[in-house]
There are 2 protein chains.
Amino acid sequence: MSRPSFREKVQQAREEAVVDAVERLLADKGFDAMTMDAVVAEVGISKASLYRHFTSKEELAAAAMARALERALAETARLAALPGPAISRLEGLARWAYQQQIDGRMPALPAQSSSLRDALAGDTAYTDSLVQLSTTLGQWIADAQHEDAIDAALPSDLVLYTLFARACDPVLGVMRAAGTHSDAQVVDWLVRGWLRSVAPQSTP
Amino acid sequence: MSRPSFREKVQQAREEAVVDAVERLLADKGFDAMTMDAVVAEVGISKASLYRHFTSKEELAAAAMARALERALAETARLAALPGPAISRLEGLARWAYQQQIDGRMPALPAQSSSLRDALAGDTAYTDSLVQLSTTLGQWIADAQHEDAIDAALPSDLVLYTLFARACDPVLGVMRAAGTHSDAQVVDWLVRGWLRSVAPQSTP
DNA sequence: GTCTATAAAGCGATAGAC
DNA sequence: GTCTATCGCTTTATAGAC
């Protein structure tokens with residue numbers, strides 16, 4: 001049991017190095033523009049070795065997405081321990097998502113791609129994390145609605161999807177390219193904008 | 001002058017048929033997944049003929065985007081003639097953008113693609129329309145800020161980009177796929193959400 | 001100007017030696 | 001298990017006949 005663990009650890013370390021590179025490339029170029037040659041060039045292994053560990057490009061993307069979801073779950077666990085109402089936890093996660101985008105750690109997958117969707121659906125690490133994250137956030141959203149911090153007339157799944165959409169909000173990139181305001185200022189505007197978009201109707 | 005106009009009209013009609021097909025394919029599959037074979041199959045011409053009229057795939061995408069911007073400009077002209085404050089015109093355009101998405105008339109281009117960006121920048125029909133649209137909407141946004149319908153603390157270009165982003169809001173597609181609510185209801189929630197996201201701070 | 005046929009290149013995936 | 005070398009397919013783009 002302890003004999004093969006060394007080799008297994010080496011394998012796991014290499015696979016993690018691969019997923020690291022894939023995460024960067026997916027965030028930088030997107031799935032279609034990312035080539036397997038670029039992956040092996042960044043990791044420093046051969047293509048045949050890469051295919052020993054991951055049987056397809058889609059599987060690589062699924063592994064990167066699974067890891068991103070794991071990070072999101074870790075952040076929700078951290079936020080859950082903080083005091084304050086549910087809406088402040090949701091705000092914290094939105095802010096975290098924008099920061100991930102700035103740090104180049106947000107994989108960019110195409111919305112329409114059947115082969116990719118199949119690979120994602122078949123990756124239990126991905127689907128399990130997604131379900132768990134959705135469940136937790138759905139609870140936070142329901143709590144915030146009961147606390148009257150989110151419009152109770154909005155379906156909770158719509159609120160959840162708008163929050164997920166903040167993770168790939170193109171406005172951040174455009175504003176950063178313009179360079180007229182600090183990252184922190186732009187993120188603040190966008191996070192507050194999301195909060196207002198789901199806030200209860202003001203009754204003047 | 002009138003002699004070659006017949007042939008020119010035939011040419012133009014064919015080019016319009018091509019751009020029609022490209023618009024549908026771009027909205028359905030996106031730029032990367034759209035192949036030139038699919039374009040010629042839909043139009044019913046050969047690939048060589050297609051390349052007589054459009055020298056590259058990027059140029060086709062630019063033509064489709066230019067036409068989409070022309071439609072947006074036509075809608076702004078229609079909205080400009082309506083009575084009411086500037087914010088109601090902005091709301092109307094946001095609603096129109098979502099409807100375009102539903103109708104499959106919103107080209108989906110990748111955010112990161114150097115060759116595509118160059119082709120777009122070199123297409124005057126595209127850039128001119130984009131500048132004109134941005135100028136008009138920038139004025140509307142400034143008006144709405146003066147009317148205290150949009151938060152005056154927000155930079156007008158940020159507001160403009162968030163409005164553009166509504167044209168490719170992924171939440172609409174996800175909600176439509178869920179099928180639990182009518183298109184009109186979902187669009188209404190999303191449009192009102194955008195309005196609230198840029199509304200002035202409520203001062204309770 | 002439009003067609004058929006094909007070139008040219010990029011990329012995902014694999015064979016076989018070591 | 002990793003490498004080099006290559007296959008096989010897709011796709012963009014073009015040559016040359018009509």
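Every chain is numbered from 1, with letters handed out A, B, ... down the list of sequences.
The distance between atom CG of B:L116 and atom P of D:dT12, rounded to the nearest whole Å, is 13 Å. Protein atom CD1 of B:I45 is 15 Å distant from nucleotide atom C1' of D:dT14, rounded to whole Å. One can place NZ of A:K47 at 7 Å from P of C:dG12, the figure rounded to the nearest angstrom.
Side-chain atoms of A:Q99 and A:D103 include a donor-acceptor pair closer than 3.5 Å. With no hydrogens or angles considered, a side-chain donor-acceptor pair links B:W194 and B:T162 at under 3.5 Å.
The distance from atom CD of A:E23 to atom CD of A:Q100, rounded to the nearest 0.5 Å, is 8.5 Å.
If you find the closest nucleotide of DNA chain C to A:A48 and to B:Q11, the one lying nearer the 5' end belongs to B:Q11.
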Q: Could you give me the CA-CA distance, side-chain angles and deciding distance for A:R67 and A:E70, then say whether salt bridge (charged side-chain N to carboxylate O under 4.0 Å, His left out) is met?
A: CA-CA 5 Å; A:R67 179 182 283 195; A:E70 283 295 333; over 6 Å; no

**Q.** CA sep, side-chain torsions, deciding dist, call: A:E91, A:R95, salt bridge (charged side-chain N to carboxylate O under 4.0 Å, His left out)
**A.** CA-CA 6 Å; A:E91 175 182 350; A:R95 187 163 268 114; 3.0 Å; yes

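For residues 49-66 of chain B, proximity to DNA chain C is found at B:S49, B:R52, B:H53, defined as any non-hydrogen atom under 4.0 angstrom from a strand atom. Heavy-atom distances under 4.0 Å link DNA chain C to no residue of residues 20-36 of chain B.
Residue B:R14 places none of its side-chain N or O atoms closer than 4.0 Å to OP1 or OP2 of C:dG1.
Considering only residues two or more places apart in sequence or on other chains, B:R117 meets the salt bridge (Lys or Arg N to Asp or Glu O under 4.0 Å) condition with none of them.
Between B:R24 and B:D20 no salt bridge is recorded (no basic side-chain N to carboxylate O distance below 4.0 Å).
Judged purely by atom type and a 3.5 angstrom limit, A:K29 has no side-chain atom pairing as donor or acceptor with the backbone of A:T35.
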